[in-house]
2 protein chains.
Amino acid sequence: MATTTATQRRAEAKREYDAFLAVCPSRQLLDAIADKWVTLVLTALDAGPARYSQLSRQIAGVSQKMLTQTLRTLERDGLVERTVTASVPVRVDYALTPLGASLVAVIAHLKDWAEVHMPDVQQSRRRYDRRARDAG
Amino acid sequence: MATTTATQRRAEAKREYDAFLAVCPSRQLLDAIADKWVTLVLTALDAGPARYSQLSRQIAGVSQKMLTQTLRTLERDGLVERTVTASVPVRVDYALTPLGASLVAVIAHLKDWAEVHMPDVQQSRRRYDRRARDAG
DNA sequence: CAGCATCCTTTAAGATACTG
DNA sequence: CAGTATCTTAAAGGATGCTG
């Protein structure tokens, strides 16, 4: 039936594209660092190893759920190393792995661009909003 | 009353930190490019200007709602320029601005890192998952 | 101290139908 | 062609209480 063809084709194209994205390294990286807390934790650890509670205090806005979740993901990705010292109470230290450190270096480039160009972006936003308001 | 102090302090710390993040250029940039479609549209336009329908076909997985929304945001940020040609039917062209092009250059660094190191990340993930399965 | 489990709300994203 | 408007679903995130 011709009625379903267009929809089916679209659906299949989407599936294919999703499959492509799933194996695309750039996309995987973006997925990994896009998260709000990932970059904050990574840059916090760039200053040196830290304990869970230190990170929790330093990254003041994070809930403990998100901090734990973020650290687990980073550990799974091999970007952060988790060291448990069996004492009472338990002590857990987190540190960047060499891989994690190399990623922080790349993120630093983003930071550089941001510090130079974000003012331009903001100005553009203001102008855009002003036009929209004047037009509306 | 002492019972509310801890909670209040936490809440205030969070507000302050959120305010800090709101003016942090790096965070703003991350917010801007973290989006799944932003980088895809940006890199698609890096190959040259394109019309709405071209982008829609090229980025096969995107819904037309998300494409429009992404393009509007990029236009607002001054990263993409939108040119309307009043014909019947209307024709709309999108192109990177110099600012947008400079951002794509930075994103390319991410891409480079991804192509080199994502295999390591994936291996780490497999190892982590295997350990977790064996332990469970 | 460093979490885990649960519930609950807010937000983002997708499908769908219609328009200048 | 290039969108807008609306509705609904998926999921991310936060608050809270409990544990080795």
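Quick caveat: nothing in here was measured; it's all calculated off a predicted structure. Reminder, nothing fancy here: chain letters follow the sequence lines and each chain counts from 1.
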Legend entry - Residue of the set Leu74(A), Thr43(A), Leu79(A) for which side-chain contact (heavy atoms from CB on, under 4.5 Å) holds with Val38(A): Leu74(A)

Legend entry - Side chain of Lys65(B) (C-beta onward), nearest among dG3(D), dG3(C), dC7(D): dC7(D)

Legend entry - Arg51(B) vs dA2(D): side-chain N/O to OP1/OP2 distance below 4.0 Å: yes

Inset, instruction - For Gln69(B) and dA2(D), give me the distance from atom CD to atom C1', rounded to whole Å. - result: 16 Å

Legend entry - Earlier contact from the 5' end, DNA chain D, for Lys36(A) and Arg91(B): Arg91(B)

Inset, instruction - Respond yes when some side-chain nitrogen or oxygen of Ser53(A) is under 4.0 Å from OP1 or OP2 of dA2(C), and no when none is. - result: yes

Inset, instruction - Would you mind reading off the bend of the helix from dC1(C)-dG20(D) to dG20(C)-dC1(D) from its two end axes, five pairs each, to 10 degrees? - result: 60°

Legend entry - Pair Leu21(A)-Lys36(B), side chain to side chain contact (heavy atoms under 4.5 Å, CB included): steps then yes or no: CA-CA 10 Å; Leu21(A) 288 181; Lys36(B) 181 177 180 177; 3.8 Å; yes

Legend entry - Under-4.0 Å side-chain N/O to phosphate OP1/OP2 contact, Arg82(A) with dA2(C): no

Legend entry - Minimum-distance nucleotide to Tyr52(B) side chain [options: dT4(D), dA2(D), dG13(D)]: dA2(D)

Inset, instruction - Could you pick out which residue, Gly61(A) or Pro89(A), lies toward the 5' side of DNA chain D when each is mapped onto its nearest nucleotide? - result: Gly61(A)

Inset, instruction - Verify the contact: side-chain N or O of Tyr94(A) to OP1 or OP2 of dG3(C), cut-off strictly under 4.0 Å; return yes or no. - result: yes

Inset, instruction - Using a cut-off of strictly less than 4.0 Å, decide whether Arg57(A) has a side-chain nitrogen or oxygen near OP1 or OP2 of dC1(C). - result: no

Inset, instruction - Would you mind telling me which of dG20(D), dG3(C), dG14(D) lies closest to the side-chain atoms of Val90(A)? - result: dG20(D)

Legend entry - Proximal nucleotide (of dT4(D), dA2(C), dC4(C)) relative to the Gln64(A) side chain: dC4(C)

Legend entry - Residues Arg91(B) and Asp93(B) bridged, charged N to O under 4.0 Å: yes

Inset, instruction - Return yes if a side-chain donor-acceptor contact under 3.5 Å exists between Thr68(A) and Tyr52(A), otherwise no. - result: yes

